[in-house]
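A short write-up of the structure that comes next.
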Amino acid sequence: MARKALCIIQENQAQLTDILGNDIEIISFYINNLLEAPISTKNSYYERDEQMFKNTVFLTDLFCRGNQRAVISCHLMHANYQTVYSPLYKSFGHYMKDYFKDDYVCVAQTVCEDSAKVINGRSFEPKELSAPARNSIEETFMKFGVNYGYVDAKNLDEIIKIRIQGAHHLPASETDCYIHPKSQIQGLLLID
């Protein structure tokens, strides 16, 4: 079905472009991705990072002109410059840094206390975040009464413990990880 749809688009490219504008490029790109890079292995999480990169390059090339910038919001485990899971797989941030060089920066975002909307079945519901872990960067901010701010990675310790936001499926004891800020992020943004 996807191949047939792509053939129809290619045969009617001019007419569809007149009607849909840039949307036909997006549709064609999406269908090509379905055909060329299906995520089919148990390691699809890693394949996803490469696909996220390809999607981002396509969309920034399509919509960003000249000196325009794009802010991409995604999980730190994807956005950081190095994968934290295996040296065999590269993170989205690794691909981005390799391709965009100094034009790509990863800013980790964290909070001390808040609630988040999490998926429960087919609906979103608010869920309170667990308290920051002992000796985490969030706990350090709380000790000093810091509610918001930015810290350049150069000014952080060699290794820091940070909460993994968006990991609502994990028990509270597993929602923190250790990162090496100087090699993984540009800086840390606290929004509380």
Checklist entry - Which atom pair, heavy atoms only, marks the closest approach of I185 to A153? => result O-CB, 3.3 Å

Item to check | For A133 against K161, the heavy-atom pair lying closest together | outcome: CB-CD, 3.8 Å

List for me each residue that meets side chain to side chain contact (heavy atoms under 4.5 Å, CB included) alongside [X], sequence neighbours excluded, and say none if there are none.
{"X": "Q186", "result": "Y81, V105, Y150, D152"}
{"X": "V146", "result": "F141, F144, L190"}
{"X": "D98", "result": "K101"}

Rounded to the nearest 0.5 Å, how far does [atom2] of [Y] lie from [atom1] of [X]?
{"X": "I162", "Y": "I137", "atom1": "CD1", "atom2": "CD1", "value": "7.5 Å"}
{"X": "L35", "Y": "R3", "atom1": "CG", "atom2": "CZ", "value": "5.0 Å"}
{"X": "C64", "Y": "L59", "atom1": "SG", "atom2": "CG", "value": "9.0 Å"}

Checklist entry - If only atom types and distance count, is the side chain of K143 paired as donor or acceptor with the main-chain N or O of E138 below 3.5 Å? => result no

Checklist entry - Does E25 offer a backbone N or O that forms a donor-acceptor pair with the side chain of S28 under 3.5 Å? => result no

With a sphere of 6.0 Å drawn around [atom1] of [X], does it hold more than 12 non-hydrogen atoms of other residues, nucleotides or ligands?
{"X": "F100", "atom1": "CZ", "value": "yes"}
{"X": "D102", "atom1": "CG", "value": "no"}
{"X": "R134", "atom1": "CZ", "value": "no"}

Checklist entry - Just wondering, do Y148 and L189 contact through their side chains at under 4.5 Å, heavy atoms? => result no

Item to check | Side-chain touch K54/F58, heavy atoms, less than 4.5 angstrom | outcome: no

Next on the checklist: Working note: S183 + H180, criterion side chain to side chain donor-acceptor pair (under 3.5 Å); need CA distance, chi angles, decisive distance, verdict.
Outcome noted: CA-CA 6 Å; S183 68; H180 181 255; 2.7 Å; yes

Next on the checklist: Please confirm whether the ring centroid of F53 lies under 6.0 Å from the ring centroid of Y99.
Outcome noted: yes

